[in-house]
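Keep in mind that the numbers below use all heavy atoms, side chains included, and drop hydrogens, waters and symmetry copies.
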Amino acid sequence: MTATVSWQAKRYADLSLDELYELLRLRSQVFVIEQNCVYLDPDDKDRHPEAVHLMGRAADGRLAAYLRILPPGLSYPQVSFGRVLTAAEFRGQRLGGPLLEAALIEIQRRWPGTDIQIGAQSHLQTYYGRYGFEPSSEPYVEDGIPHIDLLRRGRGAA
């Protein structure tokens, strides 16, 4: 079953205090607590004027899914996205695909035809491959979790 989710993309300056708190809390819940990775999640990239916070809200307003899109030159020479998550209570509802598709649409809208570079957990390589991402690095370990860099070549301007 897929939850009904509405997608909204906002820059840092456009987030309300409650939205910012909610997304940072959920990121900490997933990445710091669930994945047991001790690291400083708010890394100043969130505040970049071109960073985009993509939020998927359930019908009742709860934050169900999230990812962060970063402009070229901030994490990689290309546009990138990360902090990809689905809230625990929404897992198994097939939100990953719609989240990724919403991100690709938003990236195309803001940076037409651009390449996209991401660092993904290695076990997700095949999943991202369905969306045109191919390995662009050797596997590496980050925060105790195997990762790999993946690149999706630009699709040309719309």
task: Starting from the C-alpha separation in whole Å, work towards a yes-or-no answer on side chain to side chain donor-acceptor pair (under 3.5 Å) for Gln35 and Gln121.
output: CA-CA 12 Å; Gln35 295 184 0; Gln121 292 183 10; 3.3 Å; yes
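- Looking at heavy atoms from C-beta onward, Arg130 lies in side-chain contact with Tyr127 at the 4.5 angstrom threshold.
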- request: Verify side chain to side chain contact (heavy atoms under 4.5 Å, CB included) between Leu85 and Leu67, making sure each step is shown before the conclusion.
  value: CA-CA 6 Å; Leu85 65 82; Leu67 65 71; over 6 Å; no
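- Closest approach of Ser75 to Ser80, counting heavy atoms only: CB-OG, 3.8 Å.
- Within 6.0 Å of the OH atom in Tyr140, the count of heavy atoms belonging to other residues, nucleotides or ligands exceeds 12.
- The shortest side-chain heavy-atom distance between Leu74 and Val79 does not fall under the 4.5 Å cut-off.
- Proximity of a side-chain donor or acceptor of Arg11 to a complementary backbone N or O of Ala51 within less than 3.5 Å is not detected.
- Checking Ile116, Ile148, Leu151, Leu124 one by one against Phe133, the side-chain contact (heavy atoms from CB on, under 4.5 Å) holds for a single residue, Ile116.
- Under the 4.5 Å side-chain criterion, counting only non-hydrogen atoms from C-beta, Arg62 is in contact with Phe90.
- Not counting sequence neighbours, the partners of Gln117 by the side-chain hydrogen bond (donor to acceptor under 3.5 Å, both in side chains) test are Ser136.
- No salt bridge links Glu22 with Arg25; every basic N to acidic carboxylate O contact stays at or beyond 4.0 Å.
- Put simply, CE on Met55 and CG on Leu26 are 11.5 Å apart, with the number rounded to the nearest 0.5 Å.
- You'll find the side chain of Pro146 stays beyond 4.5 Å of the side chain of His123, heavy atoms only.
- A 4.5 Å side-chain heavy-atom check between Leu150 and Glu134 finds every atom pair outside the cut-off.
- Between the side chain of Glu106 and the backbone N or O of Leu54 there is no donor-acceptor pair closer than 3.5 Å.
- Here Leu23 contributes atom CG and Asp18 contributes atom CG; the two are 11.0 Å apart, rounded to the nearest 0.5 Å.
- Minimum interatomic distance between Pro42 and Asp46 (heavy atoms only, all atoms of both residues): CA-OD2, 3.7 Å.
- Cluster annotation: Tyr131 and Leu99 are assigned to the same hydrophobic cluster (Ile/Leu/Val/Met/Phe/Trp/Tyr, side-chain heavy-atom contacts under 4.5 Å, transitive).
- Residues Leu24 and Leu15 share a single hydrophobic cluster, defined by chaining ILVMFWY side chains whose heavy atoms lie under 4.5 Å apart.
- Note that CG of Leu70 is 9.5 Å distant from CD1 of Ile107, once rounded to the nearest 0.5 Å.
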query: Given the rule in the side chain to side chain contact (heavy atoms under 4.5 Å, CB included) test, do Phe81 and Leu100 qualify, once you have shown the distances and angles that lead to the verdict?
result: CA-CA 10 Å; Phe81 63 81; Leu100 206 50; 3.3 Å; yes
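- Taking the side chain as every heavy atom from C-beta outward, Ile118 and Asp149 never approach each other to under 4.5 Å.
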query: What's the verdict on side chain to side chain contact (heavy atoms under 4.5 Å, CB included) for His147 and Val141, showing C-alpha distance, side-chain angles and the deciding distance?
result: CA-CA 6 Å; His147 280 71; Val141 176; over 6 Å; no
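- Between Phe31 and Arg83, the closest side-chain pair of non-hydrogen atoms falls below 4.5 Å.
- Salt-bridge check for Arg68 with Asp43: passed, with a basic side-chain N closer than 4.0 Å to an acidic carboxylate O.
- For Glu101, the CD atom counts as densely surrounded, since its 6.0 Å shell holds more than 12 non-hydrogen atoms of other residues, nucleotides or ligands.
- Between Tyr66 and Arg27, the side chains place a donor N or O and an acceptor N or O closer than 3.5 Å (distance only, hydrogens not considered).
- Applying the 6.0 Å contact sphere to CD1 of Ile33 captures more than 12 heavy atoms from other residues, nucleotides or ligands.
- For the pair Glu34 and Arg91, the salt-bridge criterion is met [side-chain N within less than 4.0 Å of a carboxylate O].
- Across Arg153, Arg152, Gln78, a single residue satisfies side chain to side chain donor-acceptor pair (under 3.5 Å) together with Asp115, and that is Arg153.
- Residues Cys37 and Ile145 share a closest heavy-atom pair of SG-CD1, 3.6 Å.
- Cluster membership for Trp7 and Ile69, using ILVMFWY side-chain heavy atoms within less than 4.5 angstrom, is shared.
- Residues Trp111 and Pro72 approach most closely at NE1-CD, 3.6 Å, considering heavy atoms.
- A salt bridge is defined here as a Lys NZ or Arg NE, NH1 or NH2 lying under 4.0 Å from an Asp or Glu carboxylate O, and Glu19 with Lys10 meets this definition.
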- request: Starting from the C-alpha separation in whole Å, work towards a yes-or-no answer on side chain to side chain donor-acceptor pair (under 3.5 Å) for Tyr12 and His53.
  value: CA-CA 7 Å; Tyr12 178 81; His53 301 273; over 6 Å; no
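- The two atoms that bring Arg57 and Leu63 nearest to each other are NH1-N, 3.5 Å, heavy atoms only.
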